[in-house]
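Note that these values count all heavy atoms, side chains included, but never hydrogens, waters or copies made by symmetry. In what follows, every chain begins at residue 1, and chains take the letters A, B, ... in the order their sequences are listed.
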There are 2 protein chains.
Amino acid sequence: MLNSELGVKDIVDNPKSIFYLLNQEEKDELQHHISLAHYKKNEFIFKEGDKPTGFLLLVDGKVKIFKEGVGGREQIVRMAKPLGVIGYRALFSDEIHNSSAVTLEESLVCTISPDFIFNRALKNSDFSFKIIRKLSKELGFSNSRTVTLTQKHIRGRLAESLLLLKDKYGFEHDGTTLRVYLSREDIANLSNMTTSNAIRTLSTFASEKVIAIDGRKIKILDANRLERVSKLG
Amino acid sequence: MLNSELGVKDIVDNPKSIFYLLNQEEKDELQHHISLAHYKKNEFIFKEGDKPTGFLLLVDGKVKIFKEGVGGREQIVRMAKPLGVIGYRALFSDEIHNSSAVTLEESLVCTISPDFIFNRALKNSDFSFKIIRKLSKELGFSNSRTVTLTQKHIRGRLAESLLLLKDKYGFEHDGTTLRVYLSREDIANLSNMTTSNAIRTLSTFASEKVIAIDGRKIKILDANRLERVSKLG
DNA sequence: TGCCTTGTATGTTTTAAAGCATCAAAGTTA
DNA sequence: TAACTTTGATGCTTTAAAACATACAAGGCA
């Protein structure tokens with residue numbers, strides 16, 4: 001299923017990778033500070049409270065990043081896709097992880113040693129700046145989500161989450177089916193609602209022909225309408 | 001009221017300032033890229049949608065950073081105190097401001113030109129790293145707040161906000177009065193609740209002798225109890 | 001000084017969403 | 001293949017918080 005043949009070369013030579021902008025010398029050195037790990041579906045990559053072991057790059061697969069809240073109720077704060085980096089916030093702030101990462105499907109993750117990141121990569125101001133940009137964007141996203149999740153009503157929150165999944169993972173070849181298959185519970189935890197309400201509201205959207213559901217397959221039939229629901233409830 | 005005599009020297013020579021770690025040459029150059037502005041109470045420093053004009057440092061005063069949500073309802077995402085930096089997230093991500101900054105009292109703000117920040121400061125890896133750390137911590141804070149504001153009940157949210165104000169601004173000389181004077185509306189907007197509920201819950205806390213209120217003056221009588229309320233509701 | 005706006009306080013009603021309960025369907029394991 | 005577990009679906013009840021309605025106090029300002 002997974003392309004386990006992916007090597008360091010494929011990562012550093014992909015323009016979408018954060019390591020693409022390193023110079024050749026740095027890329028060569030990176031080889032000695034990187035290791036690859038395989039995860040099955042629904043496995044923890046790290047847990048809230050763990051000490052960061054390095055800078056993690058999701059090579060293949062999909063991952064949810066979530067925090068445990070009141071009574072163990074989880075809130076998904078971010079979704080990661082291939083070539084996305086994870087766990088770096090805690091590494092850079094020298095804190096323990098304040099969120100957990102769990103694979104949504106079989107995944108490949110590579111770990112880059114903190115030593116390389118701090119003593120080599122961050123000395124390259126292009127790399128530092130890219131990290132700064134990434135953190136800045138994510139902070140903007142997080143602040144926006146705070147407002148959405150606290151202020152929008154259920155329909156708006158769910159609509160926004162569906163659009164978020166669309167933007168992050170895109171569609172299957174048919175051009176309408178979301179290329180990510182979440183349980184209703186995960187959809188609920190992404191949208192700050194109970195599983196019952198996620199199920200109920202998805203059904204309503206389906207009956208309104210805004211989406212179509214077939215098991216975990218979600219087709220977005222009317223993205224504009226979804227945008228409107230997201231904005232106006 | 002304000003110490004308007006504060007000069008660039010006082011900023012760069014204060015260990016709490018982000019510019020403290022620049023080298024002498026950089027500090028000297030900074031002088032030519034910095035300007036100071038004075039704001040009265042309740043004035044906008046920047047508005048959601050504005051293009052960032054530079055890197056802002058709050059020299060004196062207090063500032064709330066907030067986002068407009070559904071129906072104009074505002075959510076305070078951060079509070080700033082002297083020597084704190086503001087508006088840098090949008091500057092670094094090259095976006096328009098996604099939040100507004102308004103003074104809570106008379107304030108002094110200095111603006112550092114984007115040119116200096118991008119072409120000089122960020123070439124200094126110590127400075128870059130400090131920015132990375134700052135963004136990382138703020139992102140952690142933002143994610144935690146998301147969970148708090150969506151999951152905790154009113155009492156827990158308000159208790160957490162009061163503790164947050166305590167940690168940020170500390171106490172007056174009496175050791176119990178919060179050194180920040182917010183309207184009930186601002187307290188509500190910080191805690192994701194209506195003004196009525198902020199007033200009601202503050203009254204309840206006062207009747208429980210957890211705090212004491214005298215107009216906008218809030219005394220924290222039992223911080224431990226407040227911690228417990230914040231955790232358990 | 002009194003008027004008027006704004007902020008604070010508190011009681012009442014309404015409502016969105018959580019919490020429960022039940023059942024069906026789909027997966028998983030023995 | 002049957003027994004069991006998990007996930008999805010839907011109806012009903014409860015509840016936390018918003019919305020609304022006054023009322024009162026304080027601070028500006030004419």
Return the value, rounded to whole Å, for the distance between atom [atom1] of [X] and atom [atom2] of [N].
X         : N       : atom1 : atom2 : answer
Arg216(A) : dA26(C) : CZ    : P     : 13 Å
Arg184(A) : dA25(C) : CZ    : P     : 15 Å
His153(A) : dT15(C) : NE2   : P     : 12 Å
Asp214(B) : dA9(C)  : CG    : C1'   : 15 Å
Leu202(B) : dT10(C) : CG    : C1'   : 14 Å
Asn42(A)  : dG27(C) : CG    : C1'   : 13 Å

Check for me whether Lys81(A) meets the cation-pi criterion with Tyr169(A), that is, NZ or CZ under 6.0 Å from the six-membered ring centre and within 45 degrees of the ring axis. no
Taking [X] first and then [Y], would you say they form a salt bridge - that is, a charged N and a carboxylate O separated by under 4.0 Å?
X         : Y         : answer
Lys62(B)  : Glu106(B) : no
Arg145(A) : Glu160(A) : yes
Glu74(B)  : Lys64(B)  : yes
Glu138(A) : Arg89(B)  : no
Asp214(B) : Lys219(B) : no

Ring geometry between Phe55(A) and Phe19(A) (parallel below 30°, tilted from 30 to 60°, perpendicular above 60°): perpendicular
Remember a base hit wins even if backbone is also touched, and classify Arg155(B) as base, sugar-phosphate or nothing at under 4.0 Å, heavy atoms. nothing
Ignoring hydrogens and geometry beyond distance, is a side-chain donor-acceptor pair present between Glu95(B) and Ser93(B) at under 3.5 Å? yes
Counting only heavy atoms and a strict 4.0 angstrom limit, can you tell me which residues of residues 192-201 of chain B come near DNA chain C? Ser196(B), Ile199(B), Arg200(B)
Below 4.0 Å from chain A heavy atoms, what is the first contacting nucleotide of DNA chain D and what is the last? dT7(D) to dC12(D)
